[in-house]
Amino acid sequence: MILSWIEDAKRKAVLKALQPIKNGWIIGIGSGSTTAYAISELGRLTKSGKLEVSIVPTSHQVENLAIAHGLRILSMNEAFTVEYAIDGADQVEQTSLNVIKGGGAAMLREKVVDSAARKLAIVADETKLSKHLGGKQSVPLEVLPFAYKSVQTQITRMGGRAKLRESAGKAGPVITDNGNFVLDSDFGRIEKPIALERRLKAIPGVLETGLFINMADVVYVGLSTGEVKVLESN
Ligand code: 5RP
């Protein structure tokens with residue numbers, strides 16, 4: 001199989017992120033095309049008897065993939081301790097390791113699992129790296145369908161623009177795994193992510209944001225050169 005350099009970079013970043021994993025660990029897995037490589041590699045290691053781990057999935061996508069690869073699955077309520085979480089990103093601020101997530105509309109469960117993990121590793125290819133958060137990258141918000149118009153109005157008052165995410169394989173809006181809508185909210189360049197996160201979470205009807213601030217311990221970045229850059233939080 002010939003992989004584009006981006007797919008190759010994603011896979012290599014994932015392989016490096018898997019290296020610290022030990023037998024018996026409970027591992028949270030984020031959703032998306034990058035973390036899918038983690039599931040297939042963990043499935044391979046499990047089948048060959050080299051590793052025995054349990055997976056806490058963050059979406060139906062990951063759960064279905066994990067089942068297909070014969071991995072042991074635990075729900076978040078069964079997982080006593082999540083030793084490690086591996087998650088993807090839509091944008092990584094290279095200096096702070098703050099991240100915007102939610103391209104796969106799974107940020108609510110991802111934030112629950114990632115924040116419970118002893119260590120969070122983000123995996124991405126180098127196109128996700130950015131000097132600043134925001135800009136062309138909007139912030140996805142998971143919102144209660146009942147409240148989405150009022151949330152949109154509040155975002156406009158804050159100077160942002162919130163667009164209801166439309167579904168690709170279904171008429172109408174994207175419905176998250178939790179039965180909610182997604183508002184992709186454009187704030188331009190984000191100078192104060194902590195303050196923005198606080199304001200967004202204070203809007204009634206906002207269930208979660210795609211801002212993952214001060215959460216990543218390490219970011220594995222697959223480069224076009226074939227190498228993997230490791231960025232660690234201070
Ligand atoms: C899902 C996410 C994903 O991690 C993010 O969208 C990146 O996806 P991909 O690995 O397919 O580029 O946040 O909610």
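Whatever order the structure lists ligands and atoms in, that order sets their numbers, starting from 1. Count residues from 1 along the sequence.
- With respect to the salt-bridge test (charged N to carboxylate O, under 4.0 angstrom), the residues Asp184 and Arg165 qualify.
- Listed by number with element, the atoms of ligand 1 under 4.0 angstrom from any heavy atom of Ser31 are 1 (C), 2 (C), 3 (C), 4 (O).
- Shortest contact from atom 10 (O) of ligand 1 to any protein heavy atom: Thr34 OG1, 2.6 Å.
- Heavy-atom contacts of Gly102 reach the following atoms of ligand 1: 2 (C), 13 (O), 14 (O) (cutoff under 4.0 Å).
- For ligand 1, the atoms lying closer than 4.0 Å to a non-hydrogen atom of Gly88 are 4 (O).
- Note on Lys201 versus Glu208: salt bridge recorded, some NZ/NE/NH1/NH2 to OD/OE distance being below 4.0 Å.
- Residue Ser33 places at least one N or O, backbone or side chain, under 3.5 Å from an N or O of ligand 1.
- Proximity to Ala105 (heavy-atom distance under 4.0 Å) selects the following atoms of ligand 1: 14 (O).
- Exactly one of Gln91, Gln137, Gln94, Arg189 qualifies for a side-chain hydrogen bond (donor to acceptor under 3.5 Å, both in side chains) with His132. That residue is Arg189.
- Residue-ligand proximity, Asp90 to ligand 1, at heavy-atom distances under 4.0 Å covers atoms 5 (C), 6 (O), 7 (C), 13 (O).
- Heavy-atom proximity to atom 13 (O) of ligand 1, evaluated over Arg109, Met107, Lys111, Lys101, is greatest for Lys101.
- Close N/O approach between Gly32 and ligand 1 is not found [any backbone or side-chain N/O within under 3.5 Å].
- By the 4.0 Å heavy-atom criterion, Lys128 is counted among the residues contacting ligand 1.
- Residue contacts with ligand 1 for Glu110 involve side-chain atoms from C-beta outward but no N, CA, C or O (heavy atoms, distance under 4.0 Å).
- The environment of Lys163 atom NZ is sparse: at most 12 non-hydrogen atoms of other residues, nucleotides or ligands sit within 6.0 angstrom.
- Note on Glu52 versus Arg72: salt bridge recorded, some NZ/NE/NH1/NH2 to OD/OE distance being below 4.0 Å.
- At least one side-chain heavy atom of Ile21 sits less than 4.5 Å from a side-chain heavy atom of Tyr84.
- Of the heavy atoms in Ala124, none comes closer than 4.0 Å to ligand 1.
- Taking the ring centre of Phe212 as origin, the terminal cationic atom of Lys111 falls inside the region bounded by 6.0 Å and 45° from the ring axis.
- Looking at Lys101 and Glu110, a side-chain N of the basic residue comes within less than 4.0 Å of a carboxylate O on the acidic one, giving a salt bridge.
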